[in-house]
Amino acid sequence: MITVILVIHLLIAISLVVIVLLQPSEGGGLGLGSAGGGGSGAGLSGFLSGRGTANVLTRTTAVLAACFMATSIFLTILADGDRAPRSILDDFEQIPAGEQDFQPTDEPVSPEVPVQ
């Protein structure tokens, strides 16, 4: 399920990038919004009028952005759904007070190591 939603999410992201790059700006974007002088049919201006193209691209961008946000939230919910709250203290092994590894003794420690 997560894989399917992730693939859809990636396709929406790629589409969103392409649609945003196609939009005409003051600099012309990719040049597709202002190309095609007259009715030559080249670029997007031959397809729709300048105002109509901007309107369609703006609406498409808004729809894709909403879908992108929805899939992002859905993926977050799916990824976090099987986790249970836990404490970092649960990772440490509890040692009862009477069974510690180190037992202090009154015997002095010899500085020499016996050779076998």
Side-chain angles (χ1 to χ4, degrees):
M1 174 85 171
I2 291 178
T3 306
V4 173
I5 301 298
L6 186 60
V7 168
I8 293 170
H9 184 72
L10 291 174
L11 291 174
I12 290 171
I14 292 169
S15 302
L16 188 60
V17 168
V18 169
I19 292 296
V20 167
L21 289 176
L22 286 175
Q23 290 183 9
S25 65
E26 291 180 12
L30 290 176
L32 296 176
S34 59
S40 66
L44 291 176
S45 63
F47 176 63
L48 293 170
S49 66
R51 184 171 174 87
T53 302
N55 223 358
V56 169
L57 292 176
T58 302
R59 288 182 184 173
T60 305
T61 303
V63 169
L64 286 175
C67 291
F68 182 82
M69 291 302 295
T71 56
S72 297
I73 292 170
F74 192 62
L75 282 170
T76 303
I77 292 170
L78 285 179
D80 197 32
D82 59 345
R83 290 189 188 174
R86 64 182 188 95
S87 172
I88 60 169
L89 298 177
D90 294 339
D91 293 339
F92 295 106
E93 182 180 330
Q94 299 294 327
I95 300 173
E99 299 179 14
Q100 290 148 343
D101 292 337
F102 174 73
Q103 298 293 330
T105 61
D106 293 335
E107 300 175 12
V109 178
S110 171
E112 298 176 351
V113 177
V115 179
Q116 295 180 353

Working to the nearest 0.5 Å, report the span between [atom1] of [X] and [atom2] of [Y].
{"X": "I14", "Y": "I19", "atom1": "CD1", "atom2": "CD1", "answer": "13.0 Å"}
{"X": "I2", "Y": "I77", "atom1": "CD1", "atom2": "CD1", "answer": "11.5 Å"}
{"X": "L21", "Y": "L16", "atom1": "CG", "atom2": "CG", "answer": "9.5 Å"}

ask   = In this structure, which one of L10, I5, L11, V4 forms a side chain to side chain contact (heavy atoms under 4.5 Å, CB included) with V7?
value = L11

Would you tabulate the side-chain donor-acceptor contacts of residues 61-74 under 3.5 Å, counting partners in other chains and residues two or more places apart, or write 'none'?
unit_1, atom_1, unit_2, atom_2, d
T61, OG1, Q23, NE2, 2.5
T61, OG1, L57, O, 2.7
T71, OG1, H9, ND1, 2.6
T71, OG1, C67, O, 3.1
T71, OG1, F68, O, 3.0
S72, OG, F68, O, 2.8

